[in-house]
Amino acid sequence: MDRLIPFSPDVYVNLFERYNDDLWPMQIVTLAMGLMLIALSRRGGDMARMLSAATLAAFWIWTGWDFQIDHYAALNWAALPFGALFIVQGIGLMLAGALSDRLNPALNPAGIALICAAALAHPLLVLVTGSPLGQAHAFGLTPMPTVLATLGWLALARGGVPWGLLVLPLLFSAWEGLMAWEMGLPRDLLLPLLGVIAGTWLFAAGFRRP
Amino acid sequence: MTRAGIRRRTFLQTGAAGLALAASGGRALGDAGGILTRPIPKSGERIPAVGMGTWITFNVGEDRRLRDKRTEVLQRFFALGGGMIDSSPMYGSSEAVVGYGLRKLGKTPSLFSATKIWTPSTWHGEEQMSASEDLWGLGTFDLMQVHNLLNWEDHLETIRARKAAGRIRYAGITTSHGMRHAEMERIMQTEDIDFVQLTYNIADREAEARLLPLAAERGIAIICNRPYRRGALMDRLKPQPLPAWADAEAGASTWAEFLLKFIVSHPAVTCAIPATSRVDHMTENMAAMQGPLPDPKTRRRMADYVESL
């Protein structure tokens with residue numbers, strides 16, 4: 001695996017720090033959008049579904065284009081294909097949200113917990129480890145929080161999840177977990193671990209559903 | 001003053017002399033100023049026996065501060081007589097960062113530029129070489145290599161065409177981590193190539209059995225990557241003491257010298273390419289081009305010592 005990581009951990013951390021600095025104060029806007037996702041799940045219904053899906057789709061497309069392709073690809077060859085897949089995922093999410101009432105959200109503690117974890121877990125870990133908050137993986141602007149928030153939202157779906165929307169979140173979570181492990185960045189392991197568990201559980205739940 | 005201390009003082013003085021020599025167009029450094037050089041078998045051109053790699057260490061993206069720090073490493077490299085810089089499109093922004101540093105430093109006449117083609121597509125190989133030229137800020141490369149033997153048949157043809165046109169001086173192939181040695185051996189036996197890059201260090205000596213002797217027989221220069229196993233050897237050895245005989249018999253007063261001198265003392269080896277992001281480590285690495293080299297008996301003793309730790 002180390003042959004696949006062409007940069008050092010400090011350069012990787014520095015990437016997030018510079019990225020957050022460039023985008024500030026967008027992080028506050030995306031956090032507010034995260035709160036909106038939770039509020040919409042209380043509301044339920046078609047409009048809640050479509051607005052939530054559009055929000056998450058915007059996160060995927062932005063993250064794929066700006067973070068992966070425009071910033072990260074200079075360091076990592078894998079960011080270019082992942083960036084393209086993120087954009088495809090965003091379009092898929094938008095279409096699924098527009099067309100499939102199976103995805104109408106309902107309040108569900110596991111889903112809400114995952115969305116909260118996506119927003120807060122990594123920043124909290126960064127602070128607890130005494131590092132600058134700028135090193136945090138920002139909600140809605142960087143890959144793993146986007147992946148985890150999406151899995152959380154999919155867990156809210158009343159009618160089950162199209163498995164096609166789960167493939168990339170699950171694969172990417174596994175990839176990011178391996179990268180964090182290989183680079184020796186323990187605080188970057190939590191979100192991928194939650195992603196793998198949530199993605200696997202949603203897959204299994206989909207197979208069990210009649 | 002200890003033998004190591006005398007050597008270090010000579011080394012720093014030689015660094016100043018090396019800088020002057022480089023400024024005077026010192027590509028063929030010979031052993032002037034005490035810097036160890038090795039001949040490229042196909043041409044007889046001599047290059048410094050310790051170059052530098054750029055895998056991971058120079059992949060710092062657009063960050064100006066980090067790019068300037070890498071430029072300081074380059075500056076030290078050239079000041080101490082450095083020649084070969086090895087990179088690849090696979091290494092993220094490393095080529096761009098090398099190019100940034102070279103532009104900032106201005107004239108670097110001792111530079112021996114070595115990069116690679118890394119794509120399965122033949123037509124994209126041409127584009128990639130042109131892109132590398134732009135990134136490095138060079139019109140020609142000294143050495144172009146097929147990275148990890150990817151589509152080597154077609155890319156060697158492309159490289160040969162560019163060589164004939166005077167845009168590349170030498171052609172080569174690479175592997176690492178001891179992979180695909182059998183295939184490399186076949187290519188070395190059947191193709192006209194100037195350089196081979198492979199992994200060879202005090203812990204990974206598989207190449208001694210067949211590839212290094214074959215290179216010597218066929219007149220192929222050898223570049224050794226992963227001299228420290230990407231730092232793992234250093235991490236393991238640094239807490240340990242050097243053997244008491246290291247300085248007297250191997251000419252080594254640091255683990256960097258010990259490990260690099262083991263490599264470059266093999267008669268078939270042309271150049272080792274340790275990678276570093278630190279100026280102090282660059283100084284340590286380049287010191288391996290000073291002083292005596294271990295003889296075959298001492299080399300065996302060095303390998304046995306490391307194995308025993």
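Convention: sequence-line order gives letters A, B, ...; per-chain numbering from 1.
For the pair A:Val11 and B:Asn59, the minimum side-chain heavy-atom distance is 4.5 Å or more. Side-chain contact between B:Trp55 and A:Phe7: absent, with no pair of heavy atoms (C-beta onward) separated by less than 4.5 Å. At a threshold of 4.5 Å between non-hydrogen side-chain atoms, the residues B:Thr57 and A:Ser8 do not count as touching.
At most 12 heavy atoms of other shown residues, nucleotides or ligands fall within 6.0 angstrom of atom CE in B:Met179. Heavy-atom contacts from other residues, nucleotides or ligands closer than 6.0 Å to CZ of B:Arg210 number 12 or fewer.
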Less than 3.5 Å apart, which donor and acceptor atoms pair up between the side chains of residues 183-192 of chain A and the rest of the protein, not counting sequence neighbours?
unit_1   : atom_1 : unit_2   : atom_2 : d
A:Arg187 : NH1    : A:Ser131 : OG     : 3.0
A:Arg187 : NH1    : A:Gln135 : OE1    : 3.4
A:Arg187 : NH2    : A:Gln135 : OE1    : 2.7
A:Asp188 : OD1    : A:His122 : NE2    : 2.6

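Heavy-atom minimum distance, A:Arg18 versus B:Glu62: NH2-N, 4.1 Å.
Remark: B:Ser277 OG to A:Asp10 CG distance equals 7.0 Å, nearest 0.5 Å. Note that CG of B:Asp63 and CG of A:Leu75 are 9.5 Å apart. Values are rounded to the nearest 0.5 Å.
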